Number of protein chains: 2
Amino acid sequence: MSMRRTTIKDVAEAAGVGVATVSRVLSGGSASPETRERVLTVATQLDYRPSALGRNLRQRRSGGIGLLVPDVTDSFYGRLADGVLACARSAGEPVILGATGDDPEREAEMVGMLLEQGVDRMIAIPSGSGEIWEPTLRTGLTAVFAHRVPAGRGDVPAVLADDRAGVRTAVDYLTGLGHRRIAYLGGPGQEQRVAAFRETLGPLVDEELLVFARGSRDSAYAAAAGLLQHRPDLTAVLAGGNLLGEAAVLAARELDLRVPRDLSLIMFDDVPWAELCAPPLTVIAQPAQDIGYRAAELVLRGGARRPRGVLLPTELVVRGSCAPRGTSRSPR
Amino acid sequence: MSMRRTTIKDVAEAAGVGVATVSRVLSGGSASPETRERVLTVATQLDYRPSALGRNLRQRRSGGIGLLVPDVTDSFYGRLADGVLACARSAGEPVILGATGDDPEREAEMVGMLLEQGVDRMIAIPSGSGEIWEPTLRTGLTAVFAHRVPAGRGDVPAVLADDRAGVRTAVDYLTGLGHRRIAYLGGPGQEQRVAAFRETLGPLVDEELLVFARGSRDSAYAAAAGLLQHRPDLTAVLAGGNLLGEAAVLAARELDLRVPRDLSLIMFDDVPWAELCAPPLTVIAQPAQDIGYRAAELVLRGGARRPRGVLLPTELVVRGSCAPRGTSRSPR
DNA sequence: CATGCTCATGGAAACGATTCCATCATGTTT
DNA sequence: AAACATGATGGAATCGTTTCCATGAGCATG
């Protein structure tokens, strides 16, 4: 029924040369011009496509790069993945995608699966502590981290947005508008941002105004609603991601808080709907696609380089969700 | 430096059995209880993980399933991919992701790449005509199509949303509100929907009100803006996807058309931001995640089944972007 | 002319699993 | 007791490639 795939052996036979020669020609090794020509002709005639299976086994590594993101559903990671795909495509490398759900256990499981597949180059948005990665990195794996680094490890190749600057800009902008009680609504693994937040806000920082959600929408909403409910005195919120921003808008609406009159809101990550929102959301734009692309470049370029981290700029995009502090949100 | 991975041979040696026995134990073949126990113990002690490389070569197929979507950045496909990942994970199968950009050529290229990788099970949102798939399907590939089928091929396994019913419901809803000049703003490969649109609208259909964009945001905006500009007499738009809906909202805003007073809008695909939009968008919800999950189930369940297509229900979610036809959008 | 060097070349050995097949021990049937 | 069925077991072949190594030809140098 379905005839065998044509193998390198078939080509060798048809061209009257040895398999080694065919392999050499096809992978750019040395060969005499006429042999090369003949092999190439025969190969196209037979529509030969080398099987990655054989090659992978021999070289003890599957080509291809693994990509581990918390949630493909999140626009930010979607764009990041898109960047990775773009770069991988131009290099002809397949991308194996896994969703970790921001769960270290699942992350470890996926890493294991990738290793089993022979994948030795990965890009990850790490969820957990560095311990998961310690043993893995030692096996000769080339890993590039994107968007954040494993907790407790600063010396790994990574492509990051300039979170510090982003937070600083946002907070300065808010304080400049007169806001004093500013909340940070964070997600998993945002130590950098929180640190920058604390640092920028200085003595104004109020520990109760730092709240964190897990990755899910529900969790984000719960955190946002809880925050707004318990602390009616806050006048501005910085949301550390588009899911959290969405949750903040929803929660504010539910509590009849008008944005920006009653509550100013800045969201990390510029998404298409930020403009469609009422009011349009002021955001800190991050180059998600670039992050992915650069990470892929790094991981393809090979491992031993030590560009300890690429830092990509963020940009404050002012729209309509921030206003000078008013007195409208009166104490009871 | 980095010692060799432990192979099946190591396990066999350490357990004092042959490699065949180890393989059998590990893949659930027959073995005496004590042998099984011993092998299992040794395997865990040595932290043995079978290499997919060896297995794949032997069985002449890489495990893993290929997933081809037009654009991971699009929330719909993001959710679909998430569904696929969820199912694949529970089966322990890796997923190789590719973005086709709704370009048949790129699609063909990616299929080629997947075949080269030994992938023999794929899920695709096909961009092009069936011709791309004809030869491929003949090679013994198990393919399941999702969201739409290759043009000109109805007899392939597919998981689809019930587009006909969705369109019918939406159009009926709009005509029930008094609308007569209803436009359809479509994307690539939406023949089904257009047919249903024509069918439902009957004599009211106006060919000029059927406009199509390619996959990109720019193209979507251009189409939407062109439509609204050229035909100020239309009172309702049905957008065939969240990108198109977004474009319609933007274009309407640009032209100072108030939704829903001047223009009623229904969008295919319920996305989180539909609720945040001003006004909240009335949508036809599609179970994107389910589509992906079911497609993965189908492709994992194996090929020869003939469930010609799974049809998943859509649901009209009424929010605030539709109103009874008014007279406000006056002729000049 | 002999020696050595550079190439192109093909045979064969990996790579790490699965699986066919022959072997052997055990238990069952006549 | 002989013949036979059953089941566990290990050796070896296989998958399709890359790559090591030996061979031989051609050529320049001494």
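Just so you know, these numbers use all the heavy atoms, side chains as well, and skip hydrogens, waters and symmetry mates. A, B, ... follow the sequence lines: proteins, then strands. Residue 1 opens every chain. What you are looking at is a predicted structure, and each value in this text was computed from that prediction instead of being measured.
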Check every strand shown and say whether A:Leu53 touches a base, only sugar-phosphate, or nothing at a heavy-atom separation below 4.0 Å.
-> nothing
Using a cut-off of 4.0 Å on non-hydrogen atoms, how would the nucleic acid contact of A:Gly118 be classed: base, sugar-phosphate, or nothing?
-> nothing
Check the distance between D:dG16's P and B:Arg61's CZ and give it to me in whole angstrom.
-> 15 Å
Consider the side chain of B:Ala31, meaning its heavy atoms from C-beta on, and name the nucleotide among D:dT9, D:dT18, D:dA12 that approaches it most closely.
-> D:dT9
Inspect the surroundings of CD in A:Glu116 and state if more than 12 heavy atoms from other residues, nucleotides or ligands are less than 6.0 Å away.
-> yes
Is there side-chain contact between A:Tyr48 and A:Arg5, with at least one heavy-atom pair below 4.5 Å?
-> no
Heavy atoms under 4.0 Å, any strand shown: does B:Ser27 hit a base, just sugar-phosphate, or nothing?
-> nothing
According to a strict under-4.0 Å criterion, is B:Arg60 in side-chain N/O contact with OP1 or OP2 of D:dG16?
-> yes
Choose from C:dA8, D:dA8, C:dT19 the nucleotide whose nearest atom is closest to any side-chain atom of A:Ser30.
-> C:dA8
Looking across every strand, which nucleic acid part, if any, lies under 4.0 Å from A:Ala20 by heavy atom: base, sugar-phosphate, or nothing?
-> base
Could you tell me whether the phosphate oxygens of C:dG10, OP1 or OP2, come under 4.0 Å of any side-chain nitrogen or oxygen in A:Thr21?
-> yes
Are A:Glu93 and A:Arg121 within salt-bridge range, i.e. N to O under 4.0 Å?
-> yes
Reckon B:Ser32 has a side-chain N or O less than 4.0 Å from the OP1 or OP2 of D:dG7?
-> no
State, without any angle test, whether A:Thr139 and A:Thr136 hold a side-chain donor-acceptor pair at a distance under 3.5 Å.
-> no
So, does B:Asn56 use its side chain to make a donor-acceptor pair with the main chain of B:Ala52 at under 3.5 Å?
-> yes
Nearest heavy-atom contact between A:Gly118 and B:Leu53 is CA-CD1, 4.0 Å
Length of the line joining B:Arg38:CZ and D:dA8:P, which is rounded to integer Å = 14 Å
Can you tell me how far C1' of D:dC15 sits from CG of A:Asp10, to the nearest Å?
-> 13 Å
Between CG of A:Asn56 and C1' of C:dA17 the distance, given in whole Å, is 14 Å
Would you mind reporting whether A:Ile132 and A:Glu107 have side-chain heavy atoms less than 4.5 Å apart?
-> yes
From D:dA8, D:dT17, C:dA8, nucleotide with atom closest to A:Thr7 side chain | D:dT17
Within this structure, what is the CD-to-P distance between B:Gln59 and D:dT17, rounded to whole angstrom?
-> 17 Å
Shortest side-chain distance from B:Arg24, nucleotide among C:dG16, D:dT17, D:dT9 = D:dT9
Whole-Å distance, B:Lys9 NZ to D:dA12 P, equals 12 Å
Quick one: A:Arg49 CZ to D:dT17 C1', roughly how many Å, whole number?
-> 16 Å
Between the base of D:dT18 and the side chain of A:Arg58, is there a donor-acceptor distance below 3.5 Å?
-> yes
Counting side-chain heavy atoms from C-beta on, which of D:dA12, C:dA17, C:dT9 comes nearest to B:Pro50?
-> C:dA17
Determine the contact category for A:Ser51: base if any of its heavy atoms lies under 4.0 Å from a base atom, sugar-phosphate if only primed atoms, P, OP1 or OP2 are that close, otherwise nothing.
-> sugar-phosphate
Which part of the nucleic acid, if any, lies within contact of B:Gly18, taking any heavy atom under 4.0 Å across all strands shown: a base, the sugar-phosphate backbone alone, or nothing?
-> sugar-phosphate
Is there a side-chain polar atom (N or O) of A:Ser23 under 4.0 Å from OP1 or OP2 of D:dT18?
-> yes
Side-chain N or O of A:Arg55 less than 4.0 angstrom from OP1 or OP2 on D:dT18?
-> yes
Between B:Arg36 and A:Tyr48, which is nearer to the 5' end of DNA chain D once each is assigned its nearest nucleotide?
-> B:Arg36
Take the protein atom CD of B:Glu34 and the nucleotide atom C1' of D:dT9, then report the distance between them rounded to whole Å.
-> 12 Å
Considering only C:dA8, D:dT17, C:dT18, which nucleotide approaches the side chain of B:Ile8 most closely?
-> C:dT18
